[in-house]
Amino acid sequence: MPPKDPPPPRRRVPGPAQRRPASPGRTARPPRPAGRPAPRALKLGNPRPRLRLVSFGLTLVMLAFVVRLLQVQAVDADAYAAKAQKHRFISVELAAERGEITDRAGIALAASVDAYDITADPKLFTPKESKSPNAPEQAAALLAPIIGKTPTELVEKLKTPKSRYTVLARRQTPQVWNQIKDLKKVYAEKAREDRASGGPGISILAGVLQEPSTRRVYPNGDLAAGILGYVNADGRGGGGIESMLDTTLAGKDGEITYPQSGGRRVPTADGTRETPAVPGSDIELTIDRDIQWAAQRAISDQVRESKADRGYVIVQDTQTGEVLAMANAPGFDPNDLSQANTTAMGNAALQDAYEPGSTAKVMSMAAVLEEGVATPQTHVTVPNRLHRGDRLFKDDIDHPTWYLTLNGVLAKSSNIGTILATGQLGKNQTEANRVLHSYLRKFGMGSPSGLEYPGETPGILARPSKWSTSQQYTIPFGQGFSINAMQAASVYSTIANGGMRIEPTLVRGTRGPDGQFSAAPAPKKTRVVSEQTATTLATMMESVVGNEEGTGTKARIPGYRVAGKTGTANRVDPDLGRYRGYTASFAGFAPSDKPRITVYCAIQNPTEGSYFGGQICGPIYQKVMQFALKTLKVPPTGNEPTRLPVTFKPGE
């Protein structure tokens, strides 16, 4: 039987798509709308390239960390360790205690006392640490009135970038630090209360600290301020002995390096290193405090009474050259420089150059006596006027023709008589000028006194070939050249010391930190005139004070023989550059027959009362000399003075 043909395929009839029964737990897919193509199947990418890329990136990062770690721990380990140490440790200078300055008896004229440097840690004033955007301004406003600085200055210091240490004020008194401590306590208590209430609790003054230091004080106020000078804000000498011997007084500062945290020292940490400070040496002056006080009071009173610009008094030991007093008026108080007049802050007795006037006549007389061209009894006829060169010379008063001895020329301080006497020093005026100049130089004119004091003027003395026509005749009586007060005093000490000039000294010696005293080098000695000439001249100078015709009678001291000389010079006004006003002066020594003390006084531009040296400086000499003689217990000699004639009768 033939096989049957397979049945024809069933023809699909277009119609709704057959739904596949949904599998259990699977949501049936909604039927695809007619005419929309079926979605393509999602094909996942190969993850391996991505993994390799990520792995490579992580490897690079790890490699960078490893390289940096090797650099820090191996290659640059020492450098980073040093840097860490630098920021961990802080180095602070240890100020050396400054040596004292004392008088000849060891009484302190300048000393150092305990003080504090007010410091701060600027980091603790940053907004991050202080939790305040204006911490420096707040702290500065609180501290400025206490430490005497402006708020602007303090803000600048407190904002010092990348710093853990700054000095706000140096050498403040314990009282100042106590005020700051009280403020710190108040703000620390406020910080505790703030923390208790949930706030940051940071004191605005937590970063203000202190370091022990010393402060310069002058126990006697303005006494001897012109000699002592002062110490500036940096603790260094700013003038006078403080500046002149600053290295000796200052010593050598030390240093301490210690670990710190938050600007505070960590007391239990290791690594503290300290180089101790070496204290300065004490300076012992030749000054006698009591004589200095008497001289300063006397000159201050007279300058005030005369309404003068200023004045000075020098007291010197004629046998040793030691300066026992050097007083200036007006003065200043080195304890409070803010109130000092800058024009009075130097030492005018050494720094003023002025024409000496008639006190210089003793040098002219010394030259005349030493050269043997005249004696105290030599007759000198003195007219009322004398024509020399291009000028007509006169004495301080009009007078008929005077018939004076050479002694009388000095006693009455005659300018004309001095011109006539010194004219005999040479065969002509040129030679006479040369001889006189040589004596002026030997007496120390035109050269520093030998004190080596800062700012001292050597004065002005031109070579004789440079003397003008008028100077040839004015220099013998003290006009036409300039000196300082110490040079003038030294002239009289030279005569008192038998014609031997001893360079003046202000320093007796030093005492080191070990207590060992080292005497100052012996001063230089120079023979100026013979002892006989000096003795004769001293006798002539007694006539100035002891004779009723002398100009220095107000300098007499009961019981003592006094040798002296007055001076009244035309004064060059430094502002106008011409002669205006006067310089009044008096110089002398006592006892005149056995000299022990020289006193020199000068007053610049007295405008009230007399301007004559004998009238206003003679009394100062008398007061200071009498006090000094009593202080040093110098007895009168008891010898009667030699009375030299002052005048002569014509025809004798």
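Numbering starts at 1 and runs along the sequence shown. The figures that follow rest on heavy atoms only: side chains count, while hydrogens, waters and symmetry mates do not.
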Closest contact, heavy atoms only, Arg310 versus Val303
C-CG2, 3.8 Å
Regarding Asn497 and Thr318, is there a side-chain donor-to-acceptor distance under 3.5 Å anywhere?
no
So which heavy atom on Pro504 is nearest to which on Val323, and how close?
CB-CG2, 4.2 Å
Do the side chain of Glu371 and the main chain of Leu425 share a donor and acceptor less than 3.5 angstrom apart?
no
Check side chain to side chain donor-acceptor pair (under 3.5 Å) between Asn428 and all other residues, then give those that pass, not counting sequence neighbours.
none
Under the side-chain hydrogen bond (donor to acceptor under 3.5 Å, both in side chains) rule, what do Ser530 and Glu370 come out as? Steps first, then yes or no, please.
CA-CA 7 Å; Ser530 67; Glu370 185 73 6; 3.2 Å; yes
Are the charged groups of Arg643 and Glu549 less than 4.0 angstrom apart, N to O?
no
For Arg508, which residues count as a salt bridge (Lys or Arg N to Asp or Glu O under 4.0 Å) partner, sequence neighbours excluded?
Glu284, Glu322
Validation: residues 380-393 side-chain donor-acceptor distances under 3.5 Å, sequence neighbours left out:
residue : atom : partner : partner atom : Å
Asn384  : OD1  : His399  : N            : 2.9
Arg385  : NH1  : Asp398  : OD1          : 2.9
Arg385  : NH2  : Asp398  : OD1          : 3.0

One pair to check against side-chain hydrogen bond (donor to acceptor under 3.5 Å, both in side chains): Asn484 and Thr457. What are the steps and the verdict?
CA-CA 7 Å; Asn484 66 50; Thr457 176; 5.7 Å; no
Between atom NZ of Lys412 and atom OG1 of Thr647, what is the distance when rounded to the nearest 0.5 Å?
8.5 Å
Hey, is the main chain of Leu228 close enough, under 3.5 Å, to the side chain of Glu242 for a donor-acceptor pair?
no
Regarding Lys442 and Thr494, do their side chains bring together a donor and an acceptor under 3.5 Å, going by distance alone?
no
Does a side chain donor of either Ser300 or Gln296 reach within less than 3.5 Å of an acceptor in the other side chain?
no
Between Gln472 and Gln429, is any side-chain donor less than 3.5 angstrom from a side-chain acceptor?
no
Qualifying ring-ring contact (aromatic ring centres under 6.0 Å, His included) pairs with a residue from residues 539-559, counting only residues at least two apart or across chains:
none
Mark yes when over 12 heavy atoms from residues, nucleotides or ligands other than Arg580 sit less than 6.0 Å from its CZ; otherwise mark no.
no
Scan for ring-ring contact (aromatic ring centres under 6.0 Å, His included) pairs involving residues 534-591, sequence neighbours excluded, and state none if there are none.
Tyr582-Tyr611, Phe586-Tyr621
Restricting to non-hydrogen atoms, name the atom on Tyr600 and the atom on Ser585 that form the minimum distance, rounded to 0.1 Å.
OH-CB, 3.8 Å
Determine whether the side chains of Lys361 and Ser358 contain a donor N or O and an acceptor N or O closer than 3.5 Å.
yes
Under the rule for salt bridge (Lys or Arg N to Asp or Glu O under 4.0 Å), what residues qualify as partners of Asp301, not counting sequence neighbours?
Arg304
Atom CG in Leu537, atom OG1 in Thr533: separation rounded to 0.5 Å?
8.5 Å
Count the heavy atoms belonging to other residues, nucleotides or ligands that lie under 6.0 Å from CD of Gln319, then report whether that count exceeds 12.
yes
Counting only heavy atoms from other residues, nucleotides and ligands, does the tally under 6.0 Å from CD1 of Ile460 exceed 12?
no
Any ring-ring contact (aromatic ring centres under 6.0 Å, His included) pairs touching residues 294-316, not counting sequence neighbours?
Tyr312-Tyr354
For the backbone of Pro476 and the side chain of Ser364, can you confirm whether one donor and one acceptor N or O come within less than 3.5 Å of each other?
yes
Is it true that a side-chain atom of Glu305 and a backbone atom of Gln302 form a donor plus acceptor pair closer than 3.5 Å?
no
Would you check if the side chain of Asn328 reaches a backbone N or O of Ala349 as a donor-acceptor pair within less than 3.5 Å?
yes
Strictly distance-based, threshold 3.5 Å: is any side-chain N or O of Thr405 a donor or acceptor partner for the main-chain N or O of Val646?
yes
Go through it in stages, so that I can follow the logic: the residues are Asp396 and Asn415, the test is side-chain hydrogen bond (donor to acceptor under 3.5 Å, both in side chains), and I'd like the CA-CA distance, side-chain angles, deciding distance and then a yes or no.
CA-CA 8 Å; Asp396 60 335; Asn415 296 338; over 6 Å; no
Residues in salt bridge (Lys or Arg N to Asp or Glu O under 4.0 Å) contact with Asp395, at least two apart in sequence or another chain
none
Tell me every residue that passes side chain to side chain donor-acceptor pair (under 3.5 Å) with Thr566, counting only those two or more places apart in sequence or in another chain.
Thr551
Would you find a donor on one side and an acceptor on the other, under 3.5 Å apart, between the side chain of Thr505 and the backbone of Val507?
no
Can you confirm whether more than 12 heavy atoms, excluding those of Gln377, are under 6.0 Å from its CD atom?
yes
Which residue pairs satisfy the ring-ring contact (aromatic ring centres under 6.0 Å, His included) criterion with at least one member in residues 622-652, sequence neighbours excluded?
His379-Phe648, Tyr403-Phe648
As an exercise, state the distance from CD1 of Ile620 to NZ of Lys554, rounded to the nearest 0.5 Å.
12.5 Å
For Asp593, all residues meeting salt bridge (Lys or Arg N to Asp or Glu O under 4.0 Å), sequence neighbours excluded:
Arg561
More than 12 foreign heavy atoms under 6.0 Å from CD of Glu431: is that the case here?
yes
Roughly how far, to the nearest 0.5 Å, is CD of Glu456 from CG of Leu451?
5.5 Å
Under 3.5 Å donor-acceptor, Asp282 side chain and Arg511 backbone:
no
Restricting to non-hydrogen atoms, name the atom on Asn570 and the atom on Gln479 that form the minimum distance, rounded to 0.1 Å.
N-OE1, 2.7 Å
Shortest non-hydrogen pair, Ile299 vs Ala602, comes out as CD1-O, 4.1 Å
Let me confirm one number: the CG-OG1 distance from Asn605 to Thr607, rounded to the nearest 0.5 Å.
6.0 Å
Could you please spell out the steps behind the salt bridge (charged side-chain N to carboxylate O under 4.0 Å, His left out) verdict for Arg578 and Asp573?
CA-CA 6 Å; Arg578 60 178 179 83; Asp573 189 309; over 6 Å; no
To the closest 0.5 Å, what do you measure between CE (Met486) and CG (Leu350)?
7.5 Å
Looking at every heavy atom in both Ser493 and Thr598, which two are closest together, and how far apart are they?
OG-OG1, 3.0 Å
Please check: side-chain N/O of Ser447 versus main-chain N/O of Gly444, any donor-acceptor pairing under 3.5 Å?
no
Side chain to side chain, Asp288 and Val315, heavy atoms closer than 4.5 Å:
no
Would you say Gln316's side chain and Val599's backbone share a donor-acceptor pair under 3.5 angstrom?
no
Sequence-distant partners of Arg571, side chain to side chain donor-acceptor pair (under 3.5 Å), two or more places apart
Asp309, Gln604
Between Leu324 and Ile287, is any pair of side-chain heavy atoms under 4.5 Å apart?
no
Hey, are Thr378 and Thr375 close enough side-chain-wise for a donor-acceptor pair under 3.5 Å?
yes
